Amino acid sequence: MSGLVQLLDRLLELGMPHLVAAPILLPLVTAALMLLLGERRRRTKSALSVVSGLAGLLAALALLRWVNAPDTGDGPGSIGVYLPGNWQAPFGIVLVADRLSTMMVALTGVVAFAASIYSTSRWDRAGVHFHPLLQLQLMGLNGAFLTGDLFNLFVFFEVMLAASYGLLLHGSGRLRVQAGLHYIAINLAASALFLVGAALLYGATGTLNMADLGMRIAQLAPADRGLVHAAAAILATAFFAKAGAWPLNFWLVPAYSAAVSPVGAVFALLTKLGIYTLLRLWTVLFAPDTGASAALGQSVLIAIGLATLFGGALGIVGTQRLSNLAGFSVLVSAGTLLAAIGLGEPAVWAGALYYLLSSTLAVSAFFLLIDMIERWRNAGQSVAPHEQAGNAPFLAEDLRVLDDVNLDDDAQALYGRAIPAGIAFLGLSFIGCTLLIAGLPPLSGFVGKFAMLSGAFITSGTSLPAWIFLALLLVSGFLALIALSRTGIRHFWTQPHPTMPALPALEVLPVAGLLAACVALTVWAGPVMRHAIATAEGLRTPTAYRAAVMGARQVPNPVPPPAREPRP
């Protein structure tokens, strides 16, 4: 651990302030190199993807360590501002690394690193350009978390979505094409609403910089507030669709369950991007100092969050397919976070941020685990035989069709080799995912839910929304426990096991790593909660965020050396 800390400190010493742009530039350059390599060098591309993922994760952790350094000023903590074009805000592009954005970038790095390792076992051979698309999606995600203005948020959203279209169709097949068409249609509609809302905001305020928007909304004339509120409602509709909020989430479960397992694990981050955007814009644009616009739409946010939580809880108990269980778990997580944000209390937000970390890691691990369980239970296939119609074959490096789709790097069958610990690993991992998703002690899912509920009743315990939130949170956890226990009994206890599961290390290590990260969240819950509390306090009073962004100064041009006098 001390060696890692020293490495992160060395990265900060060498890279700041340019390290803020590293999570965006690194996957961009990696994707470009992969496209130049072509499909015949697939092993090189796989290794490059894993190395890039590790480097991006280290950069994200270094940024996270930097923003949590002791603060010597009056602000809530360190905020890094990077001006890529060397133009001051609000005129130029600005990247902002604060506690919230660096936390999300670090979470993205952990999940993406695990998914990239898992995919090298077999799934990157189910089609072409898997690793470049994955890197471009990471670029879009990290850029959206770090950007400080709405227009570039839209640009990074579109980069992320364009890559996700290709990733969702990876492996082909009727189910993926059908779900992909729905996914593309709803996201194109949401992107159009995003543009309309951003245009209205720019017309009313004359800026798209988030920090500048918050200050200008506070100074708006009463006659102009209606246009700003209409623009905010249009933007919120777009972000609700991307966050999987009810009733705009009909596409999510079919799309996530149709995607191949490493893609599903990364897709667990996409709804969190929508939630991050709602939280960021709501706290910066409609802070308590914005007058009549303060806390705009809070009751709507609570209602939609509770409805999403209720719908996700019904869905998770009403399905028996493993991939659908993971999809509905994403909806339960999204509804919980939206309702917690809508309560408007920093104490609740702190618990919600902790829960966001735990739930994302747990669902990502569950998506990867599902692939191993289904392949074991369905004679080596990742889906049941009746669901395989139209699936594209796996491809060799020269794009020839492979007759046996279940070959590892040693050309040996992935099932049928007796590994005594295989079933134990699958069973224990399934139990861990069940405890995390249902929010049962002693793991981090329980800590996050307990923190949210305690914060809600300390600050607003007599309010009706807090009591409804309590009831739905407990009911959703109970229903998730029933659904996952029922599925576990069916897969592990009630059917004979003709073969032992063969678990390649490239598949075991990512799942074990994600679950170990959840255990680490539990063991070090104190430091993580302190970070979450400091983040929530910074969101409640965004003055430090605005001051850091608007106060960033251009780097002066280098002074040329004096000209030498000509020799006589």
Side-chain angles (χ1 to χ4, degrees), residues 4-5 7-27 53-71 73 75-84 93-113 138-149 152-153 156 160 210-211 269 272-273 275-277 279-281 283-284 349-350 352-358 360-361 517 520-521 524 527-540 542 544-549 552:
L4 177 60
V5 171
L7 177 60
L8 297 180
D9 290 338
R10 183 60 177 165
L11 284 174
L12 288 171
E13 181 181 344
L14 295 175
M16 290 302 291
H18 305 289
L19 194 63
V20 177
I24 302 172
L25 295 178
L26 192 60
L54 178 59
L57 176 58
L58 291 176
L61 293 176
L63 288 173
L64 188 62
R65 177 172 172 77
W66 182 76
V67 299
N68 282 290
D71 184 24
S78 300
I79 298 177
V81 180
Y82 186 67
L83 306 176
I93 298 172
V94 59
L95 302 178
V96 186
D98 65 346
R99 283 192 170 98
L100 179 59
S101 61
T102 54
M103 183 188 78
M104 298 304 297
V105 171
L107 175 64
T108 301
V110 172
V111 173
F113 184 52
L138 296 182
M139 172 199 168
L141 282 167
N142 292 333
F145 290 134
L146 290 170
T147 187
D149 64 272
N152 286 287
L153 178 65
F156 285 120
M160 178 268 296
M210 297 179 192
L269 293 163
K272 304 307 184 292
L273 175 58
I275 291 167
Y276 163 86
T277 308
L279 178 60
R280 172 70 77 191
L281 293 179
T283 54
V284 173
W349 293 349
L353 293 173
Y354 183 96
Y355 173 79
L356 183 151
L357 296 174
S358 172
T360 305
L361 293 172
L521 281 179
W524 288 285
V528 177
M529 280 301 302
R530 285 195 292 272
H531 172 88
I533 291 170
T535 304
E537 291 296 331
L539 292 171
R540 182 182 65 174
Y545 177 90
R546 296 172 184 167
V549 173

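Values in this document were obtained by computation on a predicted structure and should not be read as measured data. Index from 1, following the sequence.
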Holding to salt bridge (charged side-chain N to carboxylate O under 4.0 Å, His left out), I want the full list of residues that pass it with Arg540, two or more places apart in sequence or in another chain.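 Arg540 satisfies salt bridge (charged side-chain N to carboxylate O under 4.0 Å, His left out) with Glu537 only.
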Taking salt bridge (charged side-chain N to carboxylate O under 4.0 Å, His left out) as the test, write out the residues that go with Asp149, two or more places apart.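 Expected list: none.
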Test of understanding: with ring pair (Phe, Tyr, Trp, His ring centres under 6.0 Å), list the residues that count as partners of Tyr276, not counting sequence neighbours.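 Applying ring pair (Phe, Tyr, Trp, His ring centres under 6.0 Å) to Tyr276 gives Phe145.
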Got a sec, which residues hit ring pair (Phe, Tyr, Trp, His ring centres under 6.0 Å) with Phe156, two or more places apart in sequence or on another chain?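 For Phe156 there are no ring pair (Phe, Tyr, Trp, His ring centres under 6.0 Å) partners, ignoring immediate neighbours.
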My understanding is that only residues two or more places apart in sequence, or in another chain, count here; which of them pass side-chain hydrogen bond (donor to acceptor under 3.5 Å, both in side chains) with Ser358?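 For Ser358 the side-chain hydrogen bond (donor to acceptor under 3.5 Å, both in side chains) partners, ignoring immediate neighbours, are Ser444.
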[atom1]-[atom2] distance between [X] and [Y], expressed to the nearest 0.5 angstrom:
X	Y	atom1	atom2	result
Lys272	Thr277	NZ	OG1	13.0 Å
Leu281	Met210	CG	CE	5.0 Å
Leu107	Leu353	CG	CG	11.0 Å

Is it the case that over 12 heavy atoms from other parts of the model lie below 6.0 angstrom from the CG atom of Leu25?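 For Leu25, atom CG is crowded (more than 12 foreign heavy atoms under 6.0 Å).
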Taking side chain to side chain contact (heavy atoms under 4.5 Å, CB included) as the criterion, tell me which of Val20, Thr147, Thr102, Val549 meets it with Val96.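 Running side chain to side chain contact (heavy atoms under 4.5 Å, CB included) over Val20, Thr147, Thr102, Val549 with Val96 returns exactly one hit, Val549.
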Check whether any side-chain N or O of [X] sits under 3.5 Å from a backbone N or O of [Y] as a donor-acceptor pair, and report yes or no.
X	Y	result
Tyr354	Leu521	yes
Ser101	Asp98	yes
Asn68	Leu64	yes

Partners of Ala517 by side chain to side chain contact (heavy atoms under 4.5 Å, CB included), sequence neighbours excluded?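 Ala517 satisfies side chain to side chain contact (heavy atoms under 4.5 Å, CB included) with Leu361 only.
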Please name the pair of heavy atoms, one in Tyr82 and one in Ala21, separated by the smallest distance, quoted to 0.1 Å.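 Closest heavy-atom pair between Tyr82 and Ala21: CE2-CB, 3.8 Å.
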